[in-house]
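First listed ligand is number 1; within each ligand, the first listed atom is number 1. Side chains included, hydrogens not; waters and symmetry mates left out as well; all remaining heavy atoms used.
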Amino acid sequence: MHEVYIIDHPLIQHKLTHIRDKETSTKLFKELLEEVSMLMAYEITRNLDLMEVPVETPLMQTTGKVLGGKKLAVVPILRAGLGMVQGIESLIPNLRIGHIGMYRDHDTLEPIVYYCKLPPDMDQREVIVVDPMLATGGSAAAAVNHIKEQGAKRIKFMALVAAPEGIAEFRRIHTDVPIYTAAVDEKLSEQGYILPGLGDAGDRIFGTR
Ligand SMILES: O=P(O)(O)OC[C@H]1O[C@H](OP(=O)(O)OP(=O)(O)O)[C@H](O)[C@@H]1O
Ligand SMILES: O=c1cc[nH]c(=O)[nH]1
Ligand SMILES: [Mg+2]
């Protein structure tokens, strides 16, 4: 069973507090989410494999290290996951980006796949699935199911905020996928919102409130 990693770097926690604030504008919300996603990706990728290569500095020949392991792909869960891509992309060279569209039926809260386009070689890649919110866990679990069906074997899931209920549900279904989050909040509301949370992430990113 894989772990839940809480990335509690002070800069991430500082920015997360401003993201939660209902007075934060759409523009600032988006910028902060990108910054936090970059900082989280920095932590998540700290175990990437390296290989040695020769490099010639202006002064002499030496040996350096470059990324040498599996190639990476990031897969945002639409819509809100899109708000995390640019921050990650700015950090990771040669990143491939897949997209999976999920929405929750407002009455049943059941997740529904409405779009999926992934790189063809998913079995060759280390995959980071991103969505700011892990609420009931239904969307994330269904998205990862779908991505596994396309061949992906090494997957990590990254959320900004997670509810205990969502963590439990996701781990019940995907024992092989570690969860990385900046915060585990108190609980879900009866409407399936994370409390205290930050509201509807998609609406706050795209200004559709
Ligand atoms: O864990 P769950 O209970 O499944 O809820 C989490 C999902 O809900 C939100 O998406 P939403 O359905 O609001 O779609 P959107 O991104 O288009 O706003 C969020 O971005 C997650 O994808
Ligand atoms: O609190 C929540 C729960 C699901 N989706 C969101 O965007 N926010
Ligand atoms: Mg939404």
**Q** Pull out every atom of ligand 1 sitting under 4.0 Å from any heavy atom of M133, numbered as shown with elements.
**A** 6 (C), 19 (C), 21 (C)
**Q** So, regarding I194 and ligand 2 (criterion: nitrogen or oxygen to nitrogen or oxygen, under 3.5 Å), is there a contact or not?
**A** yes
**Q** Against heavy atoms of A135, which atoms of ligand 2 measure under 4.0 Å?
**A** 3 (C), 4 (C)
**Q** Would a line drawn from the ring center of F170 to the ring center of F157 be shorter than 6.0 Å?
**A** yes
**Q** Contact between G192 and ligand 2, counting heavy atoms under 4.0 Å?
**A** yes
**Q** Determine, considering heavy atoms only, which of S139, G137, P111 sits nearest to atom 1 (O) of ligand 1.
**A** G137
**Q** In terms of side-chain geometry, is the basic nitrogen of D121 or K71 positioned less than 4.0 Å from the acidic oxygen of its partner?
**A** yes
**Q** Within ligand 1, which atoms have a heavy atom of D200 less than 4.0 Å away?
**A** 13 (O), 18 (O)
**Q** Are G199 and ligand 2 in contact, using a heavy-atom cut-off of under 4.0 Å?
**A** yes
**Q** Kindly compute the distance separating CZ (R96) from CG (L118), expressed to the nearest 0.5 Å.
**A** 13.5 Å
**Q** Less than 4.0 Å between a side-chain N and a carboxylate O, is that true for D176 and K148?
**A** yes
**Q** At their closest point, which heavy atom of M133 faces which heavy atom of A201, and how far apart are they?
**A** CG-CB, 3.7 Å
**Q** So, are K30 and E34 salt-bridged, with charged N and O less than 4.0 Å apart?
**A** no
**Q** Flag A135 as yes when one of its N or O atoms lies below 3.5 Å from any N or O atom of ligand 1, and as no otherwise.
**A** yes
**Q** Please check whether Y103 reaches ligand 1 - meaning an N/O of the residue sits under 3.5 Å from an N/O of the ligand, judged on distance alone.
**A** no
**Q** For atom 19 (C) of ligand 1, tell me which residue out of V161, D203, D131 has the closest non-hydrogen atom.
**A** D131
**Q** Under 4.0 Å from a heavy atom of G202: which atoms of ligand 1 are those, numbered in the order shown and with their elements?
**A** 18 (O)
**Q** Will you find, in the side chains of R79 and T208, an N or O donor that is under 3.5 Å from an N or O acceptor?
**A** yes
**Q** Are I44 and L50 connected into the same hydrophobic cluster when the rule is that any two of I, L, V, M, F, W, Y join if their side-chain heavy atoms are below 4.5 Å apart?
**A** yes
**Q** Quick check: does G202 get an N/O under 3.5 Å from an N/O on ligand 2?
**A** no
**Q** May I ask you to say whether E126 pairs ionically with R154, meaning some side-chain N is under 4.0 Å from a carboxylate O?
**A** yes
**Q** Once you measure the plane-to-plane angle for Y180 and Y5, does it fall in the parallel (<30°), tilted (30-60°) or perpendicular (>60°) bin?
**A** parallel
**Q** Measuring only between side-chain heavy atoms, which start at C-beta, is I147 closer than 4.5 Å to I155?
**A** yes
**Q** What do you reckon, does T208 put a non-hydrogen atom under 4.0 Å from ligand 1?
**A** no
**Q** Using a strict 4.0 Å cut-off to heavy atoms of L78, name the atoms of ligand 1 that fall inside it.
**A** 16 (O)
**Q** Which ligand 2 atoms does D200 reach within 4.0 Å, using its non-hydrogen atoms?
**A** 6 (C), 7 (O), 8 (N)
**Q** Have a look at R79, E165, E110, E169 and point out the one with the heavy atom closest to atom 18 (O) of ligand 1.
**A** R79
**Q** A201 heavy atoms, cut-off 4.0 Å: which ligand 2 atoms fall inside?
**A** 6 (C), 7 (O)
**Q** Check whether any N or O atom of A80, backbone or side chain, sits under 3.5 Å from an N or O atom of ligand 1, and answer yes or no.
**A** yes
**Q** Enumerate the residue pairs fulfilling salt bridge (Lys or Arg N to Asp or Glu O under 4.0 Å) with a member in residues 5-20, sequence neighbours excluded, ordered by first and then second residue.
**A** K15-E35, R20-D185
**Q** Run the numbers for me: atoms of ligand 1, each under 4.0 Å from some heavy atom of T136, listed by number.
**A** 1 (O), 2 (P), 3 (O), 4 (O)
